[in-house]
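A short worksheet on the structure shown next.
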Amino acid sequence: MINSKKDTAYYHLPGLFEFYELYRVFLPLFYEHREYFYDWCDIGSIYGAPADCIWGGGRAGFGDQDPREVLALMQEYGISARLTFSNSLLREEHLSDRKCNDLCTLFREGGKNRNGIIIHSDLLLNYLLMNYPEFYFVSSTTKVLTDFKQFLNEVERDDFLYVVPDFRLNRAFDKLNALSASQKDKIEFLCNECCWFGCKDRKRCYEAVSRKNLGENGPDHRCAAPGADHGYRFSKAMTNPGFIGIDDIKNVYLPTGFSNFKIEGRGLGSALILEFLLYYMTRPEYQLHVREEIYLDSMLDLF
């Protein structure tokens, strides 16, 4: 399942359930009109979780698409589907949740490509390894691995096919470039994070989301970062010291052996996800073509 073409950037895209309607229109464009898109990129996976999914974490899921339709779309285009089960506060009694187990039963057969699970809790990991060994596993960025030694220990774990470091390690090139080829293959960089680079509360923020997904009472997390009241803005993300743009991918990361790049955005609107798809994947001269095809689909609500 390791994405092995060293001259190709594999994007891991947000909104498996949340933005099904957008991908239903975008994927035919991507695969039938490859001339519209950069030849050095491909889709590695699409990730997400439906609404009311207690194993979910990172963001509160809002997708209500029929999981069977979601799986069928991924299998039609040979794309790996990743279930985002990165809740950090799970307890033993949560492992028997019917909805989450039913999702695992449905997605365990990936077709052309294996499906994966993004995970935080070792308790859940051990349960899934025993009951659903068909999946591959991704160590979630919700672990907030900012210490490089801790991050490297995570990379060395055989349980994980990919590890997503905290975005503040994105430019630790002196350490990253010293890694072996097999270690580099496992690293998946979060490209477009808008969170304040100096944030000290990232773990508490994720824990608040995990608690909400469990339906438990607890303190709300109020972000105190500069400009937090403005919400996510791609223009702001582009100024983040950890931002990875297309020039970085082509000229820095790919030449040094890194191939996997995660685009965040499950909690955003589909119009903004389209902007990510245009920026990261679409040749500038064809961006209007893609916009028109998407906008003219009368079934798609972009906001």
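Along the sequence shown, residues carry numbers from 1.
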Pair Ser86, Thr84: side-chain N/O donor-acceptor within cut-off below 3.5 Å
no

Compare all side-chain heavy atoms of Ile273 with those of Tyr23 and state whether any distance is below 4.5 angstrom.
yes

Relative to each other, are the rings of Phe151 and Phe148 parallel, tilted or perpendicular (30° and 60° limits)?
perpendicular

Donor-acceptor contact below 3.5 Å, side chain Ser45 vs main chain Tyr47
no

Side chains of Asn192 and Phe243: does their closest heavy-atom pair fall under 4.5 Å?
yes

Between Ile263 and Pro14, what is the shortest heavy-atom contact and its length?
O-CD, 3.2 Å

With clusters defined by side-chain heavy atoms of hydrophobic residues (ILVMFWY) lying less than 4.5 Å apart, directly or transitively, does Val25 cluster with Leu288?
no

Non-hydrogen side-chain atoms of Asn115 and Leu71 separated by less than 4.5 Å:
yes

side-chain hydrogen bond (donor to acceptor under 3.5 Å, both in side chains) with Glu154: of Lys143, Lys149, Lys186, only one passes, and it is Lys143

For Thr256 against Lys184, the heavy-atom pair lying closest together
O-NZ, 2.7 Å

Quick check for you: to the nearest 0.5 Å, what is the distance between Leu123 atom CG and Ser88 atom OG?
12.0 Å

Heavy atoms, side chains only, cut-off 4.5 Å: are His120 and Leu90 in contact?
no

Backbone N or O of Glu109 within a donor-acceptor pair of the Gln75 side chain at under 3.5 Å?
yes

Please check this pair: side chain of Trp55 against backbone of His94, looking for a donor-acceptor N/O pair closer than 3.5 Å.
yes

Any salt bridge (Lys or Arg N to Asp or Glu O under 4.0 Å) involving residues 115-126? Give me the pairs, sequence neighbours left out, ordered by first then second residue.
Asp122-Arg157

Check Ala9 against Ile249 and note the closest heavy-atom contact, atom names and distance.
CB-CG2, 3.7 Å

Trace of the side-chain contact (heavy atoms from CB on, under 4.5 Å) decision for Ile79 with Leu27:
CA-CA 10 Å; Ile79 296 172; Leu27 293 178; 3.7 Å; yes

Distance-only polar pair, side chains of Gln65 and Glu18, donor-acceptor under 3.5 Å
no

The reported gap from OG1 in Thr239 to NZ in Lys236 (rounded to nearest 0.5 angstrom) is 7.5 Å

Treating Asn170 as the side-chain partner and Pro165 as the backbone partner, does any N or O pair qualify as donor plus acceptor under 3.5 Å?
no

Indicate yes or no: at least one non-hydrogen side-chain atom of Ile43 is less than 4.5 angstrom from one of Phe37.
no

Derivation of the side-chain contact (heavy atoms from CB on, under 4.5 Å) call for Arg98 and Asn101:
CA-CA 5 Å; Arg98 181 172 180 177; Asn101 278 280; 5.9 Å; no

Please check if atom CZ in Arg91 has more than 12 non-hydrogen atoms from other residues, nucleotides or ligands closer than 6.0 Å.
yes

Which residues share a side-chain contact (heavy atoms from CB on, under 4.5 Å) with Asn126, sequence neighbours left out
Leu129

In short, Cys53 meets Phe85 closest at the heavy-atom pair SG-CE2, 3.4 Å

Steps toward side-chain contact (heavy atoms from CB on, under 4.5 Å) verdict (Arg114, Glu134):
CA-CA 7 Å; Arg114 289 169 66 198; Glu134 299 88 349; over 6 Å; no

Can a donor-acceptor pair be found, under 3.5 Å and without considering hydrogens, that links the side chain of Arg168 to the backbone of Gly242?
no

Minimum-distance pair of heavy atoms, taken over all atoms of Pro28 and Tyr77
CG-OH, 3.1 Å

Tell me which pairs pass salt bridge (Lys or Arg N to Asp or Glu O under 4.0 Å) where either residue lies in residues 240-250, with sequence neighbours left out.
Arg171-Asp248

With rounding to the nearest 0.5 angstrom, report the CZ to CG distance, Arg283 to Asp39.
5.0 Å

Are Arg34 and Phe30 in a cation-pi setup, meaning NZ or CZ lies under 6.0 angstrom from the ring centre and within 45 degrees of the ring axis?
yes

Pairing of Lys262 and Glu188 as salt bridge, 4.0 angstrom limit
no

Charged N to carboxylate O under 4.0 angstrom, Asp66 versus Arg68?
yes

Indicate whether the side chain of Tyr136 and that of Asn113 have a donor and an acceptor atom separated by less than 3.5 Å.
no

Which word best sums up how the rings of Tyr132 and Phe135 line up, parallel for under 30°, tilted for 30 to 60°, or perpendicular for over 60°?
perpendicular

Close side-chain approach of Glu293 and Val290, heavy atoms under 4.5 Å
no

Taking the six-membered ring for Trp, is the centroid-to-centroid distance between Tyr162 and Phe189 below 6.0 Å?
no

For the aromatic rings, using the six-membered ring if either is Trp, is the centroid distance between Tyr280 and Phe261 under 6.0 Å?
no

Considering all heavy atoms of both residues, which atom of Leu145 and which atom of Leu169 are nearest to each other, and what is their separation?
O-CD1, 3.1 Å

Verdict with supporting geometry, Leu29 and Ile294, side-chain contact (heavy atoms from CB on, under 4.5 Å):
CA-CA 9 Å; Leu29 277 177; Ile294 299 294; 4.2 Å; yes

Testing Tyr286, Phe26, Tyr31 for ring pair (Phe, Tyr, Trp, His ring centres under 6.0 Å) with Tyr36, which one passes?
Tyr286

Quick one: are Ile246 and Tyr38 in side-chain contact, heavy atoms under 4.5 Å?
yes

Strictly distance-based, threshold 3.5 Å: is any side-chain N or O of Thr282 a donor or acceptor partner for the main-chain N or O of Leu277?
yes

Taking the side chain as everything from C-beta on, heavy atoms only, tell me whether Met281 gets closer than 4.5 Å to Leu13.
yes

